[in-house]
Visitor: 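Sharing a structure below in structure tokens format, with a few things to ask.
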Protein chains: 2
Amino acid sequence: MAKIDDVARLAKVSKGTVSNVFSQKRRTSKEVTERVLSVSRQLNYVPNHIARSLVTKKTMAIGLTIPHGNFFFSAFHNQFINGVILEASYYGYRVLLDMIPAQKVRTPFLSSYPIDGAVVMSPTTEDERINLMHMENIPFVTVGRVMNENIDSSPSVDNDNQTIIYNICKYLIDKGHQNMMFLNANELMTVAIDRNEGFIRAMEDHHIQVEEHMIQHKPAILSTEYMDYGYDETIQILGKLNKKVTAIIADDDRTAFSVMNAIKDLDLRVPEDVSIFVICGDLSMMVQSNPSLTSMDLQPSELGAQSVRLLMHKLGVLQGDFPEKIIVESKIVERNSCTELVPPHSI
Amino acid sequence: MAKIDDVARLAKVSKGTVSNVFSQKRRTSKEVTERVLSVSRQLNYVPNHIARSLVTKKTMAIGLTIPHGNFFFSAFHNQFINGVILEASYYGYRVLLDMIPAQKVRTPFLSSYPIDGAVVMSPTTEDERINLMHMENIPFVTVGRVMNENIDSSPSVDNDNQTIIYNICKYLIDKGHQNMMFLNANELMTVAIDRNEGFIRAMEDHHIQVEEHMIQHKPAILSTEYMDYGYDETIQILGKLNKKVTAIIADDDRTAFSVMNAIKDLDLRVPEDVSIFVICGDLSMMVQSNPSLTSMDLQPSELGAQSVRLLMHKLGVLQGDFPEKIIVESKIVERNSCTELVPPHSI
DNA sequence: TTGTATGCGTTATCAA
DNA sequence: TTGATAACGCATACAA
């Protein structure tokens, strides 16, 4: 591999000049520029990224910290990641996928993170990844609210989760539903906490008693029940316990599908007997399922892009003031899985 | 940030010793080790990854080169990526997500890739990413067959795509199907080429004439038709052209869902009128759709893990001989979307 | 088992 | 506009 000295020698300039031709940090005459570029092509020279990083103290990479454990990407994560990569590449940044829990790093591999900053997805309460970032002084942005004891505030991008659930409930209540089941995300995730508050507030505002069966939480990602979350809950609550649930709010498309299967197995129909509302689902899956599923568009790709932009501000790549919190818009997309509730006596 | 000199001074040892405590490349006495570690903790010292990389010439990161353009991850990609990350982290490697096309890198950002090797997903014919890797002398492994003019051979992991389609066809033919439609991947992908050969061979072996409508290709990822590939094709071939197709082989779950919608819109039923076989689909989606979809289990996560292992061999991290090609097993998972064809006259 | 000195390939500072 | 040289923070050969 050719080095900067080789180019400098052949182009009869100093290495400082060669450096400048590539970094464009100060002007070089057209003549010299072309000579250097020509020699570089000839020697197949490209600046060494590592050496550059050592002195500039910039790696031009950001970390994307995804929930660890035996994790699984959903369509939501997908789209989100797409947004992150696209936006990062716009600023010349690469994306390092990160999932190694702090404790598990073996000593021989221990070293600083070769990233300039990080985007932390789906924080939990007392999220250890966030503590790690904080300790190592790595600038970070979260997608979702931070709830760590020692960390007062940090830039974040989020949907307005409380309002989202509130509006979903209102949407269903307006259709006559009074008895709903909310299949929330895992209880450790801060988003689940916010959503619960929204749910409870909606019920209170509409004078509906919140019963225990109404709020469920996704099992831990490691558990065997994780994959078909929604099935057992539906069978149990609607079947065995015979709670007269008429509407189910599902965390994601996978959950919704599980629910639909359970409903079929209970000899019930969607939406005639039970309405289903999906919070974050893959657009194409929503449209193509049968019946098509009414859902919330959370704009995951926009969440990703905005989180990167926020991080770029923190890193000084983007100038000017920037907000500490960015709320990404979301809106209900009506399809065919939610229907007006027909009171029993009117049949 | 504390540096190695700071630790050396406070621990009253040389920096060489401090270095060895962390890299564990040569023994250090227990006494010294503990003193160094203690001081390091005190100063919050961690070796600088960049500086280390500069001298060792190892970045401890591998690139994951995903198809670029306005790309979109499917469940298959998801699982694959999971496999890659998990396996890479096992060897202490991080994963850099890569999608920047070679030409688009602007001069100010131009530099060598800070990776030790790369995994290239879903190669196309004359894949420019592979040419780039080859030119820059970056060790790489492909997931899928390479079909580049100038590149003779390179390590790769793959399913046996020809045989897979052959077996799917045989499976359907054994059920009495003679007129199938194959919704293949994009025609530029090498996997699509291999599959076509398998399809044609199966037809020939069973004395079935291959008609034009039988093989379709997914539109380019940038096109608007990309997202509901399968719908128009089904409406067109089964509806307007009234070809008597009784079985459809779909590239992925998204495609399968589109097909199911089209079939419904044509007032036909799955599997009574048309059988559907999915090649790569998300397990949970397959199970939870209605009817559940018969599919091929390609073990995407295993593909990911094996590709990393192969790369580790190329990088010398893993010792011993290693094969140039690894074929990951796949098998048919029967569910409820394919049925025995009942000849019309027997009704 | 530990210390010393050199080099990794670049950018940045200061002169010219 | 360009050149010379000192960092950047670490690993490693060699010496002790």
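Only a predicted model underlies this, so the values are computations on that prediction, with no experimental measurement involved. First the proteins, then the strands, lettered A, B, ... as listed; each starts at 1.
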Visitor: What does the inter-axis angle of the helix from C:dT1-D:dA16 to C:dA16-D:dT1 come out as, five pairs per end, nearest 10 degrees?
Guide: 30°
Visitor: Taking only residues two or more places apart in sequence or in another chain, which ones pass salt bridge (charged side-chain N to carboxylate O under 4.0 Å, His left out) with A:Glu87?
Guide: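 Per chain and number, A:Glu87 pairs via salt bridge (charged side-chain N to carboxylate O under 4.0 Å, His left out) with A:Arg309.
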Visitor: Residues two or more places apart in sequence or in another chain: which of them pass salt bridge (charged side-chain N to carboxylate O under 4.0 Å, His left out) with B:Arg35?
Guide: none
Visitor: Only counting residues at least two apart or in another chain, list the ones meeting ring pair (Phe, Tyr, Trp, His ring centres under 6.0 Å) with A:Phe76.
Guide: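 Applying ring pair (Phe, Tyr, Trp, His ring centres under 6.0 Å) to A:Phe76 gives none.
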Visitor: Walk along nucleotides 6-16 of chain D from 5' to 3' and tag each nucleotide B, S or - by protein heavy-atom contact under 4.0 Å, base first, then sugar-phosphate.
Guide: --BBBBB-B--
Visitor: With sequence neighbours excluded, what pairs up with A:Leu96 under the side chain to side chain contact (heavy atoms under 4.5 Å, CB included) test?
Guide: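 In terms of side chain to side chain contact (heavy atoms under 4.5 Å, CB included), with neighbours along the sequence ignored, A:Leu96 is linked to A:Pro114, A:Ile115, B:Arg94, B:Leu96.
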Visitor: For B:Ile130, give me all partners under side chain to side chain contact (heavy atoms under 4.5 Å, CB included), at least two apart in sequence or on another chain.
Guide: B:Val120, B:Pro123, B:Asp127, B:Phe140, B:Thr142, B:Val146, B:Asn148, B:Ile151
Visitor: Using side chain to side chain donor-acceptor pair (under 3.5 Å) as the criterion, list what pairs up with B:Thr28, not counting sequence neighbours.
Guide: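 Residues passing side chain to side chain donor-acceptor pair (under 3.5 Å) with B:Thr28: B:Thr33.
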Visitor: Shoot me the first and last contacting nucleotide of DNA chain C against chain A, ordered 5' to 3', at under 4.0 angstrom to non-hydrogen atoms.
Guide: C:dG9 to C:dC14
Visitor: side-chain hydrogen bond (donor to acceptor under 3.5 Å, both in side chains): which pairs involve residues 5-14 of chain B, sequence neighbours left out?
Guide: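 Qualifying pairs, neighbours excluded: B:Asp6-B:Arg9, B:Ser14-B:Thr17.
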Visitor: Would you mind classifying the nucleic acid contact of A:Lys12 as base, sugar-phosphate or nothing, using non-hydrogen atoms under 4.0 angstrom?
Guide: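 The residue A:Lys12 makes sugar-phosphate contact but no base contact.
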Visitor: Taking only residues two or more places apart in sequence, or in another chain, which ones meet B:Lys325 in a side chain to side chain contact (heavy atoms under 4.5 Å, CB included)?
Guide: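 B:Lys325 satisfies side chain to side chain contact (heavy atoms under 4.5 Å, CB included) with B:Ser156 only.
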Visitor: Using the side chain to side chain contact (heavy atoms under 4.5 Å, CB included) criterion, which residues pair with A:Glu302? Sequence neighbours excluded.
Guide: A:Gln299, A:Gln306, A:Val328
Visitor: What does B:Ser53 touch in the nucleic acid at a heavy-atom separation under 4.0 angstrom: a base, only the sugar-phosphate, or nothing?
Guide: nothing
Visitor: Which residue is it: B:Asp158, B:Val143, B:Ile62, B:Leu64? I am looking for the one with a side-chain contact (heavy atoms from CB on, under 4.5 Å) to B:Ser307.
Guide: B:Val143
